[in-house]
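To start, the structure itself, in structure tokens.
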Amino acid sequence: MPSATTSSTSGSSNAMRQSGLLIPTLRDEPGEAEIVSHKLMLRAGLIRKVAAGVYTYLPLGLRVIRKVERIIREELNKTGAQEVLMPIAAPAELWQETGRWDFYGKELFRLKDRHERDFCLGPTHEEIITDLVRREVRSYRQLPATFYQIQTKFRDEIRPRFGLMRGREFIMKDAYSFDADDAGAKESYRKMYEAYRTIFTRCGLTFRPVEADTGLIGGTSSHEFMVLADTGEDGIAVCDACEYAANVEHAAVRNATGGEACPRCAKPLRIVRGIEVGHVFMLGTKYSEKMKAVYLDKQGQDRAIVMGCYGIGVGRTAAAAIEQNHDAKGIIWPAPIAPFHVHVLPLAGKPGAVLDAAHALEAELEKAGMDVLLDDRDERPGVKFNDADLIGCPYHVVIGDKGLKDGQIELKERRTGAVTKLGPADAAARLKERLQAALS
RNA sequence: CGGGGCGUAGCGCAGCCUGGUAGCGCACCAGCUUUGGGAGCUGGCUGUCGGAGGUUCAAAUCCUCUCGCCCCGACCA
């Protein structure tokens, strides 16, 4: 589990001044947003829309994205997966080899270069990675191997919606496993499945892996990782008796309604809503056969590589976290993916004892390895409190005139609102304790 | 792509039905007073009314076309 001391995400300093950051919070609810995560991402100044389903990540939003990415990297690296970065633009020929140039339909963003050659913007990268592997892998000795990337994807969705929940351009982690046989592929799948459990747990999400259909990707079996939330676009049938869970689109429970018999234990199913944040597929040899990705086995025989592929929607994971963690005042970030761990609120904007104390504390927290946001703006207390609640860092430290005279500052936990009065000298140590608990 | 809705100041909206040359709140700028939960007063700035064409003496308002955005559906790692 991570310690607070390894948590810096950008720059040489992990403390930042609010006066120097673009954090355009909104008092009013934007008319364009329907669901709470989208509203709060706009209101807290995380994102701004550029076109339908296309967004700019502002400093705060980008920090959250980077934190999710870091958790993904840490867990995938532990499994032995290797990070690569593939191109966004891919030539039509590779897609024609698998037939998906035609099958994928309008969702595939197509374009021509200056020589009128066809390209597409990658919605997923089976073709590209399989092309790489068939060129570089010859022998069973080079298997198994899993590659992943974290990259911007393009899908010209019929209807983008709900902010980062369903964009046309979005950040995705996609991974591809290559094995010599089915047993190996199964093991690669299992490792990735377990890594996903850890990743979403670390992101502070309540989720459920469910059986799912394989869609355009194809393959032999798949599981979706569903974050349970009423605003989810998918229905899932869950059995409380035996842990069975499946997307209602899945053949085994297609169009199931609540109360129907669980296919595994025959107890009644319950239908809930879910947000698909991750999806793992056993692909078999669908792509390797079409693209002739083969290796030589011990007997010197050509054999098709057995593949798996694995996706995580990075922005969607952040949005799902907000769906599950908010209140009437704003976001309540799980500590591991919060843009900052601590929001320091000096109730003064002009130079003086309060601001001095805030700067001193900022330096100390930073030294202790925490990500600190200091609200050094010359704003009224109410404005700072409301913005801080909206932005939703897990801990707020309030430094005011009155408390300071008695040698006290206040530590507030965003989620519970619980306030602890502390001497400034104790604050860093106490916060570090609490954060370490919250981060593990 | 079918159905519905909306485009007026940075944000949220009124004005449109019944044409007369654009308004409210917040934000922003200046000054003074304020300072522990979105301050008060005074003064100020801000608009190709999404775009094009048409009707009319006159169009944000009526008509036609068009673009964008949102919601429902179909669709979907």
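Here is the naming used below: chain letters follow the sequence lines, and residue numbers restart at 1 for every chain.
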inquiry  = Please give me every residue in residues 39-61 of chain A whose heavy atoms get under 4.0 Å of an atom in RNA chain B, ordered by residue number.
reply    = Arg43(A), Lys49(A), Ala51(A), Ala52(A)
Nucleotide of C76(B), C72(B), C1(B) approaching Arg161(A) most closely (side-chain heavy atoms) =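 My answer, after comparing the listed nucleotides, is C72(B).
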ask   = What string of B, S and - do you get for nucleotides 24-37 of chain B, 5' to 3', when a contact is any protein heavy atom under 4.0 Å?
value = -BSS------B-BB
ask   = Does the pair Asp389(A)/Lys412(A) count as a salt bridge with the N-to-O cut at 4.0 Å?
value =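 Salt bridge between Asp389(A) and Lys412(A), a charged N being under 4.0 Å from a carboxylate O: yes.
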When all nucleic acid strands are considered with a 4.0 Å heavy-atom cut-off, which category describes [X]: base, sugar-phosphate, or nothing?
| X | result |
| --- | --- |
| Glu276(A) | sugar-phosphate |
| Pro123(A) | base |
| Phe162(A) | sugar-phosphate |

query = Among all residues two or more places apart in sequence or in another chain, which pass the side-chain contact (heavy atoms from CB on, under 4.5 Å) test with Ala237(A)?
reply =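 Ala237(A): side-chain contact (heavy atoms from CB on, under 4.5 Å) contacts with Val248(A), Val253(A), Leu269(A), Ile271(A).
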message = If the condition is side-chain contact (heavy atoms from CB on, under 4.5 Å), which residues does Arg273(A) pass it with, not counting sequence neighbours?
response = none
All N/O contacts under 3.5 Å from nucleotides 4-7 of chain B to the protein, with atom names and distances to one decimal?
none

ask   = Would Lys49(A) and Glu32(A) satisfy salt bridge (Lys or Arg N to Asp or Glu O under 4.0 Å), going step by step from the backbone distance to the final call?
value = CA-CA 10 Å; Lys49(A) 184 175 67 180; Glu32(A) 71 186 58; 3.7 Å; yes
query = For the pair made of NZ in Lys384(A) and P in G38(B), what is the distance, rounded to whole Å?
reply = 15 Å
request  = Using the C1' atom as the reference point in each nucleotide, state the distance between G25(B) and A39(B) in Å, no decimals.
outcome  = 16 Å
Without placing hydrogens or testing angles, list every side-chain donor-acceptor pair under 3.5 Å for residues 182-192 of chain A, not counting sequence neighbours.
| unit_1 | atom_1 | unit_2 | atom_2 | d |
| --- | --- | --- | --- | --- |
| Glu187(A) | OE1 | Arg190(A) | NE | 3.0 |
| Glu187(A) | OE2 | Arg190(A) | NH2 | 2.8 |
| Ser188(A) | OG | Asp179(A) | OD1 | 3.4 |
| Ser188(A) | OG | Asp179(A) | OD2 | 2.5 |
| Ser188(A) | OG | Gly184(A) | O | 3.3 |
| Tyr189(A) | OH | His223(A) | N | 3.2 |
| Tyr189(A) | OH | His223(A) | ND1 | 2.7 |

message = Between the base of C76(B) and the side chain of Arg166(A), is there a donor and acceptor pair under 3.5 angstrom?
response = yes
